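Here the structure is a predicted model, which is why all the values come from computation and not from measurement. Sequence lines set the chain letters: A, B, ... in the order given, protein chains first and strands last, and positions in each chain run from 1.
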Amino acid sequence: MSARAQVWLWIAQRASAAVLALCVLVHLVLMIYAVRGGLSAGEILGRTRGSVGWLAFYGVFVAAVAVHGPIGLRNILTETFGWRGAGLNLGVGVVGVALLFWGGRAVFAVFTG
Amino acid sequence: MTDMLKVSIWRGREDGALQTFDVPRRDNQTVLDVVTYIQRSLDPTLSYRFSCRVGMCGSCAMQVNGRARWTCRTHVSKVVDGDALEIRPLSNLPVVKDLVTDMAPFFDKWAQAKGQFKGTATRKDDFARVSPDSPMRRLANAAIECIGCGVCYSACDVVSWKPDYLGPAAMNRAWTLINDERDGARRERLEAVAGDAGCHACHTHMSCTEQCPKQLSPTASIAGLKRTVAGAVLKGEL
């Protein structure tokens with residue numbers, strides 16, 4: 001991988017971290033608020049079902065996770081185990097696709113109820 | 001204060017071991033005094049490096065009680081643990097013998113980071129006039145006093161994890177040249193310090209900054225490189 005591509009990974013990780021900071025905050029505050037109000041899981045699903053706003057919010061959340069997680073994992077695997085090269089990039093790429101797939105599935109389920 | 005020190009010193013190469021010596025304690029004694037006493041009075045086969053003894057040359061850096069230091073400027077009273085001193089060669093560098101490390105990988109990385117000034121002026125040009133107050137010159141000034149002792153390189157966790165990582169001193173040097181308006185190798189230097197083996201691998205642990213005997217901040221220099229390289233990539237200049 002070229003140094004330029006590595007810099008792009010670094011930029012993507014910083015940018016996705018900024019998005020995640022906001023998303024995690026909104027998600028946590030919302031959960032605490034919803035539970036304190038005594039809403040059940042079913043009632044929460046009733047509010048998210050068909051909501052394009054929540055679909056967009058959690059869609060962005062999952063996309064940021066799918067970008068941020070694998071890049072960080074790539075660094076950890078290189079620094080801890082000395083793994084590098086095309087195999088490493090392919091491996092963390094698969095992790096990213098898996099996060100996007102299962103995260104997307106969860107977001108879709110929340111939207112369709 | 002006891003009147004003797006128990007000094008454990010690394011002997012041999014990478015597969016060596018600690019050897020303990022009893023050294024008389026003196027007022028205002030430096031760690032370099034201790035090592036010199038051992039070599040001159042107890043075991044002349046002990047190998048170590050020093051030159052100026054006053055913190056100018058940077059050749060006497062070693063690990064003292066787990067931390068890289070200039071031994072000439074480190075008083076025993078500041079670092080001794082009871083009556084114990086443990087002195088090892090700098091880490092992250094191959095050991096030649098005892099307390100002597102091979103500094104070649106350290107300086108090779110200065111060359112890899114394009115640490116050489118590449119002027120653009122000819123002898124026919126007038127002197128460059130660089131205002132001491134200009135923002136770039138201030139940034140260069142903040143990092144320029146490095147004497148290449150290797151303390152930051154020994155202290156850096158990322159170097160220990162990634163042997164090809166350029167390390168704090170080489171990138172600190174690159175940062176001073178990026179801020180030298182007379183220099184003409186900006187692009188190739190930014191390329192040299194970009195990516196996984198360069199500035200973007202720094203975790204900002206700040207061990208280099210904490211342990212630099214000159215109180216420089218290689219962390220700040222590396223952060224400057226991160227911003228500058230990322231900016232150049234975003235603008236399509238790199």
Side-chain angles (χ1 to χ4, degrees), chain A residues 1-25 28 56 59-100 103, chain B residues 91-92 105 109 111-114 153 155-168 170-171 174-175 178 185-205 207-208 219 221-238:
Chain A
M1 186 183 284
S2 70
R4 194 167 173 275
Q6 291 164 6
V7 177
W8 273 113
L9 285 185
W10 183 85
I11 293 169
Q13 202 189 20
R14 264 52 187 181
S16 58
V19 173
L20 280 176
L22 190 67
C23 289
V24 168
L25 194 68
L28 286 178
V60 168
F61 198 155
V62 165
V65 169
V67 170
H68 190 81
I71 300 172
L73 185 63
R74 180 175 174 273
N75 290 337
I76 291 168
L77 292 174
T78 303
E79 288 167 1
T80 311
F81 302 109
W83 292 356
R84 35 186 84 220
L88 172 69
N89 294 333
L90 187 68
V92 298
V94 168
V95 171
V97 171
L99 284 171
L100 200 60
Chain B
S91 59
N92 296 331
K109 288 179 178 176
Q112 280 171 36
K114 307 288 178 198
Y153 192 81
C156 178
D157 293 320
V158 183
V159 174
S160 67
W161 298 331
K162 285 181 156 179
D164 60 342
Y165 178 57
L166 292 170
M171 287 195 279
W175 179 239
I178 291 291
R186 179 184 173 86
R187 188 194 151 92
E188 62 186 82
R189 191 169 294 111
L190 288 180
E191 266 173 7
V193 299
D196 289 350
C199 59
H200 296 99
C202 172
H203 282 254
T204 320
H205 285 173
S207 302
C208 55
T219 313
S221 299
I222 295 169
L225 288 176
K226 285 179 182 175
R227 284 193 302 274
T228 308
V229 172
V233 167
L234 285 171
K235 287 180 201 155
E237 294 168 1
L238 208 63

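- Within the model, atoms NE2 of B:His200 and CG of A:Asn75 stand 11.5 Å from one another, a figure rounded to the nearest 0.5 Å.
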Report task. Kindly determine whether A:Glu79 and B:Lys162 satisfy side-chain contact (heavy atoms from CB on, under 4.5 Å), including the steps that lead there. Result -> CA-CA 6 Å; A:Glu79 288 167 1; B:Lys162 285 181 156 179; 3.9 Å; yes
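- If you tally non-hydrogen atom pairs under 4.5 Å between each of A:Arg14, A:Gln6, A:Gln13, A:Arg74 and chain B, the highest count goes to A:Gln6.
- The shortest heavy-atom contact between B:Ala194 and A:Ala3 is O-CB, 3.9 Å.
- Counting only distance, with no hydrogens or angles, the side chain of A:Arg4 and the backbone of B:Leu238 share a donor-acceptor pair below 3.5 Å.
- Smallest separation of non-hydrogen atoms from A:Val7 and B:Ala230: CG1-CA, 4.1 Å.
- Of the atoms belonging to B:Ala192, not a single heavy atom falls under 4.5 Å from chain A.
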Requested in this report: Could you go through the side-chain contact (heavy atoms from CB on, under 4.5 Å) check for B:Val233 and A:Trp8 one step at a time?
Outcome: CA-CA 8 Å; B:Val233 167; A:Trp8 273 113; 3.3 Å; yes
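- Separation of atoms SG (B:Cys199) and CH2 (A:Trp10) is listed at 7.5 Å; rounding is to 0.5 Å.
- Look at B:Asp196 and A:Arg84 and you find no salt bridge, because none of the NZ, NE, NH1 or NH2 atoms lies under 4.0 Å from a carboxylate O.
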